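Worksheet: one structure, shown below.
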Protein chains: 2
Amino acid sequence: MNSQSIENYLKVIFNQAIATDEVNTTGIAQALEVSLPSVNSMVKKLAGMGLLEYQKYKPLKITEKGRQMAARIIRKHRLTEMYLVEKMGFGWEEVHDIAEQLEHVQSAAFFDRMDELLGYPQRDPHGSPIPNKNGQIATQEYQSLADCRPGEQVELKALSHTSDEFLKYLNSKDLKLGIKVEILEVEAFDRNMKVAYGGHQEVLSALVCSKLLVS
Amino acid sequence: MNSQSIENYLKVIFNQAIATDEVNTTGIAQALEVSLPSVNSMVKKLAGMGLLEYQKYKPLKITEKGRQMAARIIRKHRLTEMYLVEKMGFGWEEVHDIAEQLEHVQSAAFFDRMDELLGYPQRDPHGSPIPNKNGQIATQEYQSLADCRPGEQVELKALSHTSDEFLKYLNSKDLKLGIKVEILEVEAFDRNMKVAYGGHQEVLSALVCSKLLVS
DNA sequence: TTAAATAGTTAGCATAGACTAACAAATTTA
DNA sequence: TAAATTTGTTAGTCTATGCTAACTATTTAA
Ligand SMILES: [Mn+2]
Ligand SMILES: [Mn+2]
Ligand SMILES: [Mn+2]
Ligand SMILES: [Mn+2]
C-alpha cells in the first residue's frame with residue numbers, strides 16, 4: 001500500500017499536470033510546503049514506481065498509471081467532500097481538511113457506499129468532477145465569469161479556487177453553485193463586474209470573477 | 001499531533017490495562033504484531049510523554065493522561081463503527097477495519113457531527129461503551145452467558161470478543177444485541193448450553209457462551 | 001553574450017518506527 | 001535451589017521521509 005506521503009505528492013503532481021502539463025519540482029515543493037531536495041528524492045521514487053517520467057533537469061511527466069492512481073485518490077477526496085456536505089451537514093468551506101485525511105483510507109466498500117448513498121454524484125461541492133472508479137475524469141468545459149460580457153446570463157457551475165477564505169467570502173455574498181447570474185456592467189478600467197443574482201446586486205472584483213466558473 | 005503508531009500502541013495498552021491492570025511488553029507485541037524491541041522503544045517514548053509509567057522489567061502502568069488520550073481515540077473508533085452501521089448500512093462484522101483507520105482522523109467537528117447524527121449513542125455496535133469527550137468511560141456491568149443457570153431469561157447486551165469470524169457466526173445464528181435468550185439446559189460435561197431466542201433453539205458451545213455478555 | 005538569478009541535484013544528516021542478534025533479568029519447573 | 005524457560009533490554013541496522021549546505025544546470029537580464 002502506498003503511503004500518505006506518496007499519495008499526497010501524486011495528487012499535487014496530477015493537479016499541476018492538468019493546469020500546465022509541464023510539472024516542475026519547485027511547484028510541487030511549494031504546494032506541499034516541503035524542500036526542493038525532498039521533492040527531488042520523492043520524484044525519483046515515483047519514477048521508479050512507474051508513476052512519473054523523470055529525466056534530470058527536465059520537466060516531469062505523469063504516466064497513465066500515475067494519472068489513474070492520482071484520480072482514484074481524488075475520487076475518494078471529492079466523494080468525501082460531497083458526503084460531508086450532503087449527508088453530514090457541513091459547509092463547503094469546512095470539508096477540505098477532513099477529506100485530505102479521509103482520502104487515504106483504504107476501503108473500497110467505504111467509498112462505494114458513500115457514492116451509492118449520494119446517488120453517484122458527478123461533481124463535488126465545489127463543482128469539480130468526481131473521477132470514476134477506473135480513474136477516468138470528465139474535463140471541465142466551463143468558462144470563467146471574467147470572460148463574460150454585459151447582458152449575458154450564466155449559471156455558476158464551479159470554482160477554480162477553493163480556499164476557506166474565498167468560500168467564506170462567497171457564503172457572505174450568497175453565491176452558491178447553481179445560481180443564475182446576470183452581468184450588468186463591466187468596468188473597463190479594472191474589469192470589476194456589476195452582477196445580479198437571486199435578489200442580490202453586487203460588484204465583484206476581477207479576481208473573484210476569474211475564480212467563478214460558469215456556463 | 002501524535003502519530004498513528006503512537007495512537008495504536010496507546011489503545012492496545014489501555015485495553016490491556018482494563019483486562020488485567022498489569023500491562024506487559026509481550027502482550028503489546030502480540031496485539032500489534034510487532035517485535036519486542038519495537039515495543040520496548042515505543043514504551044520508553046510513551047513514558048517520556050507522560051502516558052505510561054515505565055521501570056525496567058516492571059509491569060507497565062498507564063497514567064491518567066494516557067488513559068484519557070486512549071479513551072478519546074476509542075471514542076472516535078466506536079462512534080465511527082456506530083455511524084457505519086447505523087447511517088451507512090454496514091454489518092457489524094465489516095466496520096472494525098474501517099474504524100481502525102478513521103479513528104486517527106484529526107477533526108473534532110467530524111466526530112461530534114457523527115455523535116449528533118446518531119443521537120449521542122452510549123454503546124457501539126458490539127455493545128462496548130463509547131467514552132465521552134473527556135475520556136470518561138462507563139464500566140461494563142454485564143455478566144457472561146456462560147455464568148447463567150438453566151431457567152434464566154437474559155438479554156444479549158454486548159460481546160467480549162469481536163473477530164469477523166465470531167460476528168459472522170453470530171449472524172448465521174441470528175444472534176443480535178437486544179434479543180432475549182432463555183437458558184434451557186446446560187450440559188454438565190462440556191458446559192454447552194441449549195438456549196431459545198426469537199423462534200430459534202440452538203446449542204451454543206461454552207466458548208461462544210463465554211463471549212456473550214448479558215444482563 | 002556574458003553575468004546574475006532561478007531551478008534542480010547531490011551529499012550528508014536527522015527522526016520515526018520497524019527489525020535481528022545478543023544478552024540479562026525474572027519466573028517457572030524439575 | 002539449580003536449570004530451563006520466558007520476558008525484557010540493548011546495540012546496531014534498515015527504510016521512509018524529511019532537512020540544510022554545497023554545487024551544477026538552465027534560464028533570464030544586462
Ligand atoms: Mn478539497
Ligand atoms: Mn491527503
Ligand atoms: Mn472495533
Ligand atoms: Mn488504528
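Keep in mind that the numbers below use all heavy atoms, side chains included, and drop hydrogens, waters and symmetry copies. First the proteins, then the strands, lettered A, B, ... as listed; each starts at 1. Just so it is clear, the structure is predicted and the values come from calculations on it, not from any experiment.
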Positions of residues 67-74 of chain B (non-hydrogen atom under 4.0 Å from DNA chain D), listed by number: none
B:L32 CG to C:dC19 P: how many Å, rounded? 10 Å
Scan residues 109-120 of chain A for pairs that pass side-chain hydrogen bond (donor to acceptor under 3.5 Å, both in side chains), counting only residues two or more places apart or in two chains. A:R75-A:D115, A:D112-A:K133
Indicate for each nucleotide in nucleotides 17-27 of chain D, in 5' to 3' sequence, whether protein heavy atoms under 4.0 Å reach the base (B), only the sugar-phosphate (S), or nothing (-). SSBBB--BSS-
Grab the CE-C1' distance between B:M49 and C:dA16 for me, whole Å please. 12 Å
In whole angstroms, how far is the C1' atom of C:dA16 from the NZ atom of B:K44? 15 Å
For A:Q122, enumerate each residue passing the side chain to side chain contact (heavy atoms under 4.5 Å, CB included) test, keeping only those at least two apart in sequence or located in another chain. none
According to side-chain hydrogen bond (donor to acceptor under 3.5 Å, both in side chains), who are the partners of B:E165, at least two apart in sequence or on a separate chain? B:S163
Can you give the donor-acceptor pairs under 3.5 Å from side chains of residues 78-86 of chain B to other protein atoms, not counting sequence neighbours?
| residue | atom | partner | partner atom | Å |
| --- | --- | --- | --- | --- |
| B:R78 | NH1 | B:P129 | O | 2.7 |
| B:T80 | OG1 | B:K76 | O | 2.6 |
| B:E81 | OE1 | B:H126 | ND1 | 3.2 |
| B:E81 | OE2 | B:H77 | NE2 | 2.8 |
| B:E81 | OE2 | B:H96 | ND1 | 3.4 |
| B:Y83 | OH | A:Y83 | OH | 2.8 |

A:L52 side, atom CG; A:K65 side, atom NZ - distance, nearest 0.5 Å: 11.0 Å
Throw together a table of side-chain donor-acceptor distances under 3.5 angstrom for residues 39-46 of chain A, partners on residues two or more places apart or in other chains.
| residue | atom | partner | partner atom | Å |
| --- | --- | --- | --- | --- |
| A:S41 | OG | A:S38 | O | 3.2 |

To the nearest Å, give me how far apart CG (B:N2) and C1' (C:dG17) are. 14 Å
Figure out the CG/C1' separation between B:N8 and C:dG17, and round it to whole Å. 13 Å
Below 4.0 Å: OP1/OP2 of C:dG8 and any side-chain N or O of A:N40: no
All salt bridge (charged side-chain N to carboxylate O under 4.0 Å, His left out) counterparts of A:K11, not counting sequence neighbours: A:E100, A:E103
Can you name the salt bridge (charged side-chain N to carboxylate O under 4.0 Å, His left out) partners of B:E64, sequence neighbours left out? B:R67
How many whole angstroms separate atom CG of A:L60 from atom P of C:dT9? 8 Å
